[in-house]
Structures are given as structure tokens and as C-alpha cells.
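Notes for the one structure printed next.
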Amino acid sequence: MPLSCSSPHRIGVVIEAPQHSGLWGALDYLCDQALPPGTLVRVPLGRRVVTGVVWRGADECVPEDVPEAVTLKAVTEVLEGLPPLPASWRQLVKFASAYYQRSLGEMALMVLPPELRQLDAVQWARRLKSLDKAVAPPAPPKRKRAKDQAGGEAEASPLPEAAATPVASQVVLPELTDQQRTALDVLTQPADKPFLLWGSTGSGKTEVYLRQAQRALDEGRQVLMMVPEINLTPQLEARVAERFAGRRIVSLHSGLTPAQRLRNWLMAHYGHADLILGTRLSVFTPLPRLGLIVVDEEHDPSYKQQDGARYSARDLAVYRARLEGVPVILGSATPSLESWYNALPEAEGGAGRYVRLAMPARVGDGDMPAVRVLDLSRVPKGTMGQEPPPLALELQDAIALRVEYKEQSLVLLNRRGYAPVLHCSDCGWKSGCPHCSAWRVFHKVDRTLRCHHCGFSERVPRACPDCGNTDIHPVGRGTERLEEQLIEAFPQARVGRIDADVTRHKGALEARLADVHAGEVDVLVGTQMVAKGHDFRRITLVAAVNPDAALFASDFRAAERQFALLLQAAGRAGRDADVAGHSEMWVQTWHPTHPLYQALRRYDYADFAAQQLKEREMAGLPPYASLAMLRAEGKTQEAAQAFLSEAVQAVQHLADELGSVTLYPAVPTPVQRVANVERAQLMIESPQRPALQRFLTQAQPIWLDVAQKNRRSGLIRWAVDVDPLSI
Ligand code: ADP
Ligand code: ZN
Ligand code: ZN
């Protein structure tokens, strides 16, 4: 690398330092090049050399409290050939790190492809060479970013070939429905607000995304289309690829190999890829020509990262769209109550921050399946020691009829395994996990007792470990057992199952889905995995056999999630207008009059949302308040709670000064012990988001101190979760 100046430059670099290190900002290094911000470098840290991102360039002012230049170390090497990460990317990372209370370096490095932060300069150069031509970096000369130049829009596209002409498309586009046309009309008008596309399942939302994407692509822009992890099916990829034949489409999700992920990310960053289809992690992809962001199934919990930096990709997508001045479409049949409230006009008691686009009717005017709420007290009870049959007689008859007519049924049970617990009727022994406060699930296929929390697995004992009784039996029912029972109940039917257990191996999910699409399954048993997204054409009956647990869960979002799941499951039936007329959604419940089922019966999301919003407002819960959760893990429950209590005491004065921040008592988490680690949490609430933010920012350094002091007394880990999804 050539020396551009006789004296070395002083730059600020962020590295992957966890929040607990107390290192929040950039570290200073010397470099003989004037590296621009966003450049990836390798820098010495203690005895290691780590990857970092230049955050403060040589020409930017140095903060006053940094060490004298003599004590600074030099940058080890630069990852050459990688265009600097743009200012918009750095701003997004900076916002995310501040909002979600993580260190800048952790956030910045975490959102890069894993390979990028592991390779040294030599390996990187080799890697670049091995990637095929499609990934060749854009030519370095006269490369200017629009952001750096006032009015430099014309040069925003770094590559002439970026907007490659697609081969003439052979696809025959469907005639738009009136609703789709109306939505698309609104979408053409410039709006500085996010759009909430609220459309029934099968109303043609995806078609709207695709049309809007087409517009952006035609303007030479890139499209970021985000979907929940589980929805990134080959079917969707194929549909997008077919629609945009000739365009460069890449996917970004955690299922890719590190090399694929790096390649696809580079394609996006270089501006080669036109459309990025990705899960939550794709929200951070640098896109020089970004023109549209779509967040499909925006209510889906998988948009929230659940460990490390707990960010919400949906919320960051909204922030990013505003930052980069591009439209964002959030789509769902059952929007999150936060988005719904944001899209509700002020006149209706909402925030009026989003534009709502409604598409209530299904394409082809197919009706949603008729909902049949079935009183479970009518299901015959099992005789002593025997499990009751899984289905009420009417439901069983209805499925038998489908089998006869060569139509498919989907039986939904959100619990995998054979039975959730084994039980000894002599002494009362149950198959608890020795490491967790949870039962171990009986899996019949390999005769194991498996803990779904820590993974601990053992062969099923021949006899009760406590009293030697050989008559130990499964209690309750998971998908594995339901499948077995349905095979028995419908001897003439082909019964299939899709859940996390049978789709563990690569390609297994695709194969099983293909069987369903090919009509080789009559009755499909599945968890929520099959309730979402799939465009099944022959299913005319969906049944939820045991959905009641959510009605009484301690988590205030349980009802919202359950409603979304049931409605989405219902949407799997009658997707062909031909069969929509006699499609049915069955719900077996002990609480047939519950308002959730009553709203479901009418497919009245708006009514359900209104009920929920009223409850949330009274209880001071989101979207009427902002929450954060302080979580702690300890060797003992006392240790975890002691830290939380001290943490509260140490910041109570901050909360008092701010006035509107409430700290709740520390409590054990719902599953209190996992893998021998005790967990506790406390909720922090404020009706004003900025107040909560200010509080958390000021509290963090204090909590760091408290944590240091608590290390010896058994505290293992702690973290702040902003906008927690589950409580
Ligand atoms: P959603 O995303 O709202 O569930 P999709 O966009 O997947 O709905 O549409 C459901 C089905 O209807 C798909 O098979 C799709 O190809 C088809 N479809 C969508 N829009 C139209 C239209 N305007 N005319 C005919 N078929 C359509
Ligand atoms: Zn026993
Ligand atoms: Zn366990």
C-alpha cells in the first residue's frame, strides 16, 4: 500500500466488542493511508488481530480524550478491493446500536457476512479471486456516492451494467383486481410514510409487491424483499425468479453456506444484484441503488433477533426507508398491533403515521373458509389410562369426506414430539429435564426423552427411574402421536407430517412440501411451520386441534400471535376459487365463546385488534407504551435476581428524574432454568419512547458496574432487550 502522506493518519475503527466490555465507540489506530470511513481493516487488539470497520476517517476531528498518537498502534492491513460501506449503512448501524443498546462495533461486525469478519487480507484476496466474474468488484475509478455529493443523484449507480436489461419476459401477468389496482395507484404517489398493505391471505399481496418491485427495477433501482425465515421457500424464490427472469436475484438468509452468503452480499453491495430476497439479517445489506423495501408478513416474530443484539428487522426497515428516502411496504393479513395502531387514522384513535392499504377480498372472490368452532367438551373422554381421541366425531367425519373426494386436510398442532411428558402412574414420576425447569418430550421414533430447551436427550427408560414400575406412559399429544392416531382413524388415507423434527435434514422440507403439492398426501399434520406462506392448492379443510393454551398465557402478545396463526392457517384452505366455496376451518376448543374465536369466525381482524388495543391501553402496554426487559442469567436464581435488584436500586434516581419511567420487580422467566442456568428478568416501561431511550442509555454504564461487582456472586450474563417480543 502506497504512502499517501509522510505522517501517519489517525483513524477511528470499530471492532467486535461485546456490550459487556464497556467499549462503546471507536478505537484509534494509525494508518499510512487516508482511509475513508466504511473501509474494512484488520487491526491489532491485545495479542490478536481482528477485523474492524473504519468509522472516523483521517480527515475527521479526533475526540479530545483519546490517547496520544505515540501510544497508538498501526492498522495491520486493509481488505483491498472492497468498496467502503456507505454512509447510509453506517447511519443504520449507528441507529440500531443506540436504539437496541449494543456497542457500535458489535452491531457493525455482527451484521456483516461471517466470512468477511474472519478472513485476513491474504485470505480475502484469494476469496475475491475465487468468486466468479459476476461478483467482480465495480471498477474503482471515478466512483462517487450520491450521498457525498450534493445533488449527485445521477451518479448514484456505481455500475453501467447495474441496471442490466432483462431478457424479454415470457411471463403473462395476471389482470389486476380492483383492489390491487387501487393499492398500486396509491403506491405510485410519493409518500413519506410507510405503507401497511393489509390484505387477506390470498388477496394478492405478493402480486402487489412484485408489481411495485417491477417499477423500481425498471428505474434501475434495487429491491429488498424481506420475508420471515420460514417463508423463504423455494416456491417463493421460484415465483420471483420467474417474474424477473434475466434480473439478478440473490437470497440472503442463515441457511446459506458462509461462501454463498458472502457472494450474495457482495453482489448486493457492488450493486450487481437487482433484487434481494432475504430474512431479517438482510435489512443491513448495503444497497447502492436501493429503491424499495418490502416486509412481507410484517407481524412475524422471526423479524426480531432473539439473542445478542436484539433488533427488529421490521422496525429497522422502516427507519432505513426513511433514511434513504425510499418507500417501504409492510404487508400482512394480521398486522402487528404496533403497525396496525400506526396505520390507524388519528380520527379512529390511531397514530396516523402509516398509510393503510386494504385488500379484504381474496383473488377470484373466493371466500375464506367457513370457520367452525367446535366445543371440545363434546369430544368423548378417554377411558382410564387411555388418551382421548384427538378429533371430535364431526371433525373426523368432515376429514373422511375430504379424503373420499381426494381433497386435502391440514391438521394443525403446535407441539412436536410424541407426547410432552412421560408419567409413572404408581409414584407420580414425570420425565423432567435434570438441567431445566421443563419436561422432556417423548419422541417415539428414536425412543428418546428430549429436552426442547437444552437439547439433553436420553433413551427412554424401561421402567420408572424412581420406583421401577414398568408401566410408564405418555401423557398428552404432539404431532408425532397425532400422526399415528390419524393413520389409525383414517386407514384409507395417506397421512403426512411436517414439523421441525422431520425436516431437520437439508432438502427434507422441500421434499415433503413437494409431496403435498403433488397430491400425495391426504391428511397433513403440521406445526405452525405449515400454517404460513405455502400456496397449497388442494387443501379444503384446516383444523386446529388444541389452540386454547394461548388464551391464558402470561405473555400479553400470546392472543395476537394465536389469532395471526389461526387466520394464516385458515388461509391455507380454499386457495383455489374452485374449492373455496366448501372450504372449512375447524377450531376445537373448551372456550367456544372466547372473543378471539368469535372474531376469527367472522375473519374480523379489525374487531380483534380493537379489542386488543383497548386492553393494551388500559394496561399501559405496547403500542401505548414502550418496553424494555433487563434480563439476567445466574448460577442461582438468587444471583440473577440480586443483580437485577441492585441494578434497579442503582438507577432508580434516573427513573425518578425522568419521571415517566417505571421499573417493575425482578421475577423468574417463564421457564426459569435452562441448561442449569437460572434466568430472571424485570420490565421497564415508559409511555414515551424517547424517555425510555434516554433512561437506558444513561443506565447502561451503571449496570456495567453493577454487573462487574456481581460476577463473583454468580451472575453469568445480562442483557437489555428493547421492544421485547415475549415477556
Ligand atoms: P397473498 O400474498 O395475499 O397471500 P398472492 O399474491 O400469493 O396472495 O395471491 C394468491 C394467488 O392468487 C396466487 O396464486 C397468485 O398467483 C394469484 N393472483 C394474485 N393476483 C392475481 C390476479 N390479479 N389475478 C389472478 N390471480 C392472481
Ligand atoms: Zn414410578
Ligand atoms: Zn433441558
Side-chain angles (χ1 to χ4, degrees), residues 376-377 379-391 411-489 497-502 504 525-529 544-555 558 561-562 565 588-591 637 668-679 726:
L376 257 188
S377 56
V379 177
K381 304 262 180 322
T383 40
M384 268 299 283
Q386 278 186 327
E387 279 298 307
L391 308 177
V411 185
L412 187 68
L413 177 61
N414 221 356
R415 177 192 273 158
R416 64 194 171 83
Y418 189 84
V421 62
L422 278 191
H423 178 242
C424 167
S425 47
D426 263 13
C427 75
W429 172 86
K430 281 182 170 179
S431 57
C433 174
H435 311 295
C436 305
S437 47
W439 306 123
R440 272 180 302 162
V441 176
F442 173 42
H443 289 258
K444 194 176 183 185
V445 61
D446 53 2
R447 298 205 66 77
T448 55
L449 286 177
R450 243 184 274 160
C451 174
H452 288 186
H453 295 277
C454 73
F456 179 69
S457 172
E458 269 180 341
R459 293 280 297 171
V460 171
R462 264 174 221 291
C464 170
D466 281 0
C467 75
N469 170 24
T470 49
D471 181 28
I472 48 177
H473 53 261
V475 180
R477 173 188 310 121
T479 44
E480 198 187 343
R481 187 176 210 175
L482 180 58
E483 180 188 24
E484 191 180 279
Q485 291 175 323
L486 294 183
I487 289 172
E488 228 168 86
R497 170 160 67 101
I498 295 185
D499 59 24
D501 290 319
V502 293
R504 196 147 287 154
V525 175
T527 55
Q528 58 169 346
M529 220 173 173
V545 292
N546 189 13
D548 280 345
L551 303 181
F552 309 101
S554 60
D555 192 328
R561 273 198 292 266
Q562 185 68 323
L565 177 64
Q588 292 194 141
T589 171
W590 295 100
H591 307 275
Q637 182 62 220
T669 53
V671 179
Q672 150 174 357
R673 189 166 50 103
V674 170
N676 294 318
V677 170
E678 290 282 339
R679 308 184 304 174
S726 49

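Fair warning: this is a prediction, and the values are worked out from it, not measured in the lab.
- Using a 4.5 Å heavy-atom threshold, the side chains of Pro465 and Trp429 count as touching.
- Between Gly478 and Pro420, the shortest heavy-atom distance links the atoms N-CD, 4.5 Å.
- Here the CG-OG distance, from Asn469 to Ser425, works out to 5.5 Å after rounding to the nearest 0.5 Å.
- If you take CE on Met529 and CD1 on Ile498, they are separated by 7.5 Å, rounding to the nearest 0.5 Å.
- Distance CZ/Arg679 to SG/Cys436: 8.5 Å, rounded to 0.5 Å.
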Walk me through whether Asp426 and Asp471 qualify under side-chain contact (heavy atoms from CB on, under 4.5 Å). CA-CA 8 Å; Asp426 263 13; Asp471 181 28; over 6 Å; no
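- The shortest side-chain heavy-atom distance between Asp501 and Arg450 falls under the 4.5 Å cut-off.
- A heavy-atom distance below 4.5 Å is found between the side chains of Leu449 and Pro461.
- Asp499 is not listed as a side-chain neighbour of Arg415, based on a closest heavy-atom distance of 4.5 Å or more.
- Although no hydrogens or angles enter the test, the distance criterion places no donor-acceptor pair under 3.5 Å between the side chain of Gln588 and the main chain of Ala544.
- Atom CG of Leu413 is separated from atom CZ of Arg481 by 11.5 Å, given to the nearest 0.5 angstrom.
- A pairwise comparison of heavy atoms in Cys464 and Cys427 identifies SG-SG, 3.6 Å as the closest pair.
- Atom CG in Asp548 sits 5.0 Å away from atom NE2 in His591 (nearest 0.5 Å).
- With respect to Arg673, the side-chain contact (heavy atoms from CB on, under 4.5 Å) criterion is satisfied by exactly one of Val671, Val677, Thr669, Asn676: Asn676.
- Counting only residues at least two apart or on different chains, the side chain to side chain donor-acceptor pair (under 3.5 Å) pairs with a member in residues 453-468 are Arg440-Glu458.
- Every side chain to side chain donor-acceptor pair (under 3.5 Å) that Arg561 has, sequence neighbours left out, goes to Asp555.
- The shortest side-chain heavy-atom distance between Thr527 and Asn414 falls under the 4.5 Å cut-off.
- Screening Glu484, Glu480, His443, Arg447 for a side-chain hydrogen bond (donor to acceptor under 3.5 Å, both in side chains) with Tyr418, the sole residue that qualifies is Glu484.
- Here the straight-line distance linking atom CG of Leu422 with atom NZ of Lys430 works out to 11.5 Å at 0.5 Å rounding.
- Using a distance-only test at 3.5 Å, with no hydrogens or angles considered, no donor-acceptor pair links the side chain of Gln562 to the main chain of Leu551.
- Within the 4.5 Å cutoff, the side chain of Cys451 has no heavy atoms near those of the His435 side chain.
- Pro390 approaches Leu482 most closely through the heavy-atom pair CB-CD1, 3.5 Å.
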